[in-house]
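Read through the structure below, which is laid out as structure tokens, and then see the notes.
All of these numbers come straight from a predicted model, not from anything done at the bench. Residue numbers run from 1 in the order of the sequence given.
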Amino acid sequence: MSSPSTPHPAEGPRAARGRPPRLDQGRTARAALDLLDEAGLDALTMRRLADAVGVQAGALYRHFATKQDLLTVMAERMLEGCSAPPPEGDWSERLTVLAHRMRTALLAHRDGARVYAGTHSTGANTLGFAETLVGVLREAGFRDEDAARAVLAVVNFTVGHTLEEQAALQPGDSAEAGAGPAEAGPADPDRLRRAVAAQDFPHLTAALPVLTSTDFAAHFAFGLNLLVQGLRATERNGPAGAAEARP
């Protein structure tokens, strides 16, 4: 991809005489995700995006009233493909596949979880993913209320975990500025080790190997399993209510 200040010849605002290139929401969202991967969310500005697609910044606001509107469209695009039905199996296995699918989609883009958090898209990808999640639980016999709250719990856990994961793995400030070797970020495990070692925290000392581990896939799997086991208890305690709640 060309740098934001050097648009493709066919897309540049001065590449052809006459009208500037017509904005297309899909192309703009793709360009925004490219910029996100290149520089991160903090560097993604409407002006920089306008340069990338070869228009004036004001033109973007005719399609995205605020930057939050842009982030919502980006979040919707990130979930493309996530709503496909999971493989056949027990409801817990299918739910786990869907949660891992969402985490993978967010991790596919730098700051992907930060972009997604707080958006409320009503697009086909987002609603389709929610429909598939709710369907897995309702078809397993969960009450509508329990299925809805379970989906909120799974999505919120997935987004929150991925937020922390991406924050922990991002480079330090000096690497961003090109000032030399990357410094440890704020989640540097050695910082926690030194702090715990300097004081009397025997329980934290015992837990340090896991607390400082960067095996985020294992952390995610453990937390997701806790949610599933809690849902199993709900399933066992309410089969009659589940059946009565069906329309």
Does the side chain of [X] reach to within under 4.5 Å of the side chain of [Y], using non-hydrogen atoms?
X    : Y    : value
L44  : M74  : yes
V155 : T158 : no
S92  : L231 : no
N225 : Q229 : yes
D24  : V53  : no

Is any NZ, NE, NH1 or NH2 atom of the basic residue among D146 and R143 found under 4.0 Å from an Asp or Glu carboxylate oxygen of the other?
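A salt bridge is present here (some side-chain N lies under 4.0 Å from a carboxylate O).
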Salt-bridge contact R232-D90 (side-chain N to carboxylate O under 4.0 Å)
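Looking at D90 together with R232, the answer is yes, because their closest N to O distance falls below 4.0 Å.
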Would you please indicate if the ring centroids of F216 and H219 are separated by under 6.0 Å?
yes
Does [X] use its side chain to pair, donor to acceptor, with the backbone of [Y] at less than 3.5 Å?
X    : Y    : value
R94  : P86  : yes
E76  : T122 : no
N125 : L79  : no
Q56  : A50  : no

Salt bridge (Lys or Arg N to Asp or Glu O under 4.0 Å) against D37, all qualifying residues, sequence neighbours excluded
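For D37, no residue satisfies salt bridge (Lys or Arg N to Asp or Glu O under 4.0 Å) once neighbours in sequence are set aside.
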With E131, which residues qualify under salt bridge (Lys or Arg N to Asp or Glu O under 4.0 Å), at least two apart?
none
Calculate, to the nearest 0.5 Å, the distance between atoms [atom1] and [atom2] belonging to [X] and [Y] respectively.
X    : Y    : atom1 : atom2 : result
L226 : F222 : CG    : CZ    : 4.5 Å
T45  : L60  : OG1   : CG    : 9.5 Å
T234 : E145 : OG1   : CD    : 11.0 Å

Restricting to ring-ring contact (aromatic ring centres under 6.0 Å, His included), what partner residues turn up for H161, sequence neighbours left out?
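Here the qualifying residues are F157, F220.
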Which heavy atom of [X] sits nearest to which heavy atom of [Y], and what is that distance?
X    : Y    : result
L227 : A153 : CD1-O, 4.0 Å
K67  : L41  : NZ-O, 3.7 Å
R110 : E38  : NH1-O, 3.4 Å
G112 : Q166 : N-OE1, 3.2 Å
T132 : A84  : CG2-O, 4.3 Å
A29  : R77  : CB-CD, 3.9 Å

Please name all residues satisfying side-chain hydrogen bond (donor to acceptor under 3.5 Å, both in side chains) with [X], sequence neighbours left out, ordered by chain then number.
X    : answer
T72  : none
E165 : R103
D69  : none
E93  : none

Could you go through the side-chain contact (heavy atoms from CB on, under 4.5 Å) check for S121 and T119 one step at a time?
CA-CA 6 Å; S121 172; T119 61; 5.5 Å; no
Donor-acceptor list for residues 192-207 side chains, cut-off 3.5 Å, not counting sequence neighbours:
unit_1	atom_1	unit_2	atom_2	d
R193	NH1	D190	OD1	2.6
R193	NH2	T212	OG1	3.3
T205	OG1	F201	O	2.8

Do [X] and [Y] sit in the same hydrophobic cluster, where Ile, Leu, Val, Met, Phe, Trp and Tyr count as joined when their side-chain heavy atoms come under 4.5 Å apart?
X   : Y    : answer
V55 : M46  : yes
L70 : Y61  : yes
L98 : V134 : yes

Quick check on side chain to side chain contact (heavy atoms under 4.5 Å, CB included): which of V115, T162, L163 does L106 satisfy it with?
T162
Transitive ILVMFWY cluster of L152 at side-chain heavy atoms under 4.5 Å: who else is in it?
none
What pairs of residues pass the salt bridge (charged side-chain N to carboxylate O under 4.0 Å, His left out) test when at least one of them lies in residues 113-125, not counting sequence neighbours?
D42-R114, D111-R114
With sequence neighbours excluded, tell me which residues meet side chain to side chain contact (heavy atoms under 4.5 Å, CB included) with H63.
L23
Quick check: are there more than 12 heavy atoms from other residues, nucleotides or ligands sitting under 6.0 Å from CZ of R101?
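Atom CZ in R101 is packed in, count exceeds 12.
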Listed once per pair and sorted, the ring pair (Phe, Tyr, Trp, His ring centres under 6.0 Å) pairs that draw on residues 101-139, sequence neighbours left out:
none
